[in-house]
There are 2 protein chains.
Amino acid sequence: MGLFSKKNSVSVQTVRRLPQYLRVLYDRHAYGRLLVSSTELAEETQVPSIVIKKDLQAVGAPSKMRAGFKVKGTISAIETFLGWDNLNKAFLVGAGHLGAALLGFSGFKNHGLEIVAAFDTHPERVGEEINGIHVYHTAQLKSVIEEKKLQIAILTVPVSAAQGITDTLVACGIKAIWNFAPVKLNVPPGVAVQQEDIASGLAQLCATLKSG
Amino acid sequence: MGLFSKKNSVSVQTVRRLPQYLRVLYDRHAYGRLLVSSTELAEETQVPSIVIKKDLQAVGAPSKMRAGFKVKGTISAIETFLGWDNLNKAFLVGAGHLGAALLGFSGFKNHGLEIVAAFDTHPERVGEEINGIHVYHTAQLKSVIEEKKLQIAILTVPVSAAQGITDTLVACGIKAIWNFAPVKLNVPPGVAVQQEDIASGLAQLCATLKSG
DNA sequence: ATTATATGGATATAAAAATATCTACATTCC
DNA sequence: GGAATGTAGATATTTTTATATCCATATAAT
């Protein structure tokens, strides 16, 4: 029960739902609303209101009795919790189809992420600019990471290249990897890997189809 | 306990892990292996072996005492469970960055999915072929769906268009929608919607970063 | 003032999922 | 042949997550 044992135990599922709330909150804030109730958020997100209440309480969102959660304060609470209140410098490795799609998505700045560089090995891609982001050769990873003080890696390379690139990233001191390659990466402790597997969602849809 | 009350209760998390196992199994099968143990699958996927055992038991994977799970039979069990043993005809609405990336991904055929048509409203996209898939105008949705007997919709349109397109899809009798637009869709009972929210994964990564 | 109502907050319960423990059994190795 | 080993299978436990119930309270209607 010491000073450092306070486990900030916000569940994974709660964390995954936060961006949904954020979107509705941004919208309400744009309309000048000061308060929003969990009931209203529930209608908008199709998440049960009781889950929303618990989620928002977990991140310390401010509320007003009988009125709802304070829009601005709740936005701040969520953004602070996720570290989205200031931008992390990110880069992307693998400027293929998916990589280009992510580079073309301008919404990351609302999610605390600023993609400032891309890397690839294909000669026809290196030197290009995609949505204003320069594509370097993968050989320059180390120098560019250090020069630009990059923090978060987005991995959209083929499976065969994923682990090799990862080893390089780890050697460069990268502590967060967002991995879209369908393979589990081997990293030392202290490096966070978030695995995105598009097949998981498809599997869920197919299973629902068969049973429903 | 009647004939129809048998609830095939395979958990969501189990379903989401199945594709991972499938990848390793394909690999081992390609190398001619007949058996694979849960321990080996655990090393490969970083999922605890006991979870793997339970998952595979849940879908009725065949095994051999003291030896492991039968590679071929387990592949069949998973594919059958997910309905990936024969191809579902799918189509994509919204051939923008992300849409094009999905159209360019040829791996869906291993996941029971064959994308046979795309739709968009932009004049410069309509009429194009992306990875051999024709892009129709969205106005033709109904006729093409009926003509080609399409079953699964992949939605990669902007948020503003998502619900409108969904209403059309529902009217066309579509029963499964894989939605990449970050908005909850309103659909009648009986229509399965699988929501993909890229921000959820990013939130998870950021939360890990902050706490780790 | 009084009452009705909708809300966040707190607590309790239930359901889902992960993890641990033990057993039986083939295979391999002496 | 006998013991050690590594496996699936079954069961039990714990942890996590979701859901339900009740309560105090601030607002609005009467």
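The chains referred to below are lettered A, B, ... by the order of the sequence lines, with proteins before strands, and numbering in each begins at 1.
Comparing A/Lys54 and B/Gln57 against DNA chain D, the residue whose closest nucleotide sits nearer the 5' end is B/Gln57. Along DNA chain C, the nucleotide nearest to B/Val51 and the one nearest to A/Pro62 differ in position, and the one closer to the 5' end is contacted by A/Pro62. When the nearest nucleotides of DNA chain D are assigned to A/Asp55 and B/Gly68 by heavy-atom distance, the more 5′-ward of the two goes with B/Gly68.
With B/Lys72 contributing its side chain and B/Leu35 its backbone, the two residues share no donor-acceptor pair below 3.5 Å. The closest donor-acceptor contact from the side chain of A/Thr45 to the backbone of A/Gln20 lies at 3.5 Å or more, if one exists at all. Under the 3.5 Å distance criterion, the side-chain polar atoms of A/Thr138 are matched with a main-chain donor or acceptor of A/Asp120.
Using the six-membered ring where Trp is involved, B/Phe91 and B/Phe119 have ring planes that are perpendicular, over 60° apart on the 30 and 60° scheme. Aromatic ring orientation, A/His111 versus A/Phe108: perpendicular (interplanar angle above 60°, classes split at 30° and 60°).
Distance CD1 (B/Ile50) to P (D/dA12): 14 Å, rounded to an integer number of Å. Separating the NZ atom of B/Lys70 from the P atom of D/dT7 is a distance of 17 Å, rounded to the nearest angstrom. Rounded to whole Å, atom P of C/dG9 lies 14 Å from atom CD1 of A/Ile52. Between B/Gln46 atom CD and C/dA18 atom C1' there is a gap of 17 Å when expressed in whole angstrom units. As rounded to whole Å, 15 Å separates atom P of C/dA18 from atom NZ of B/Lys53.
A salt bridge is defined here as a Lys NZ or Arg NE, NH1 or NH2 lying under 4.0 Å from an Asp or Glu carboxylate O, and B/Arg23 with B/Glu44 fails to meet this definition. A salt bridge does not link B/Glu43 to A/Lys184: none of the charged nitrogens lies less than 4.0 Å from a carboxylate oxygen.
The shortest heavy-atom contact between B/Leu102 and B/Ile115 is O-CD1, 4.2 Å.
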* **Residues A/Ser37, A/Phe69; criterion side chain to side chain contact (heavy atoms under 4.5 Å, CB included); working and verdict** => CA-CA 6 Å; A/Ser37 71; A/Phe69 289 87; over 6 Å; no
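Residue A/Thr39 places at least one side-chain N or O under 4.0 Å from the OP1 or OP2 atom of C/dT7. Remark: B/Ser63 is in phosphate contact with D/dG9, judged by side-chain N or O atoms under 4.0 Å from OP1 or OP2. Of the side-chain N and O atoms in A/Ser38, one or more sit less than 4.0 angstrom from OP1 or OP2 of C/dG8. Distances shorter than 4.0 Å separate none of the side-chain N or O atoms of A/Ser11 from OP1 or OP2 on D/dT16.
At a non-hydrogen distance threshold of 4.0 Å, B/Val12, B/Gln13, B/Arg17 from residues 12-33 of chain B come into contact with DNA chain C.
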N/O contacts under 3.5 Å, protein versus nucleotides 25-30 of chain C?
none

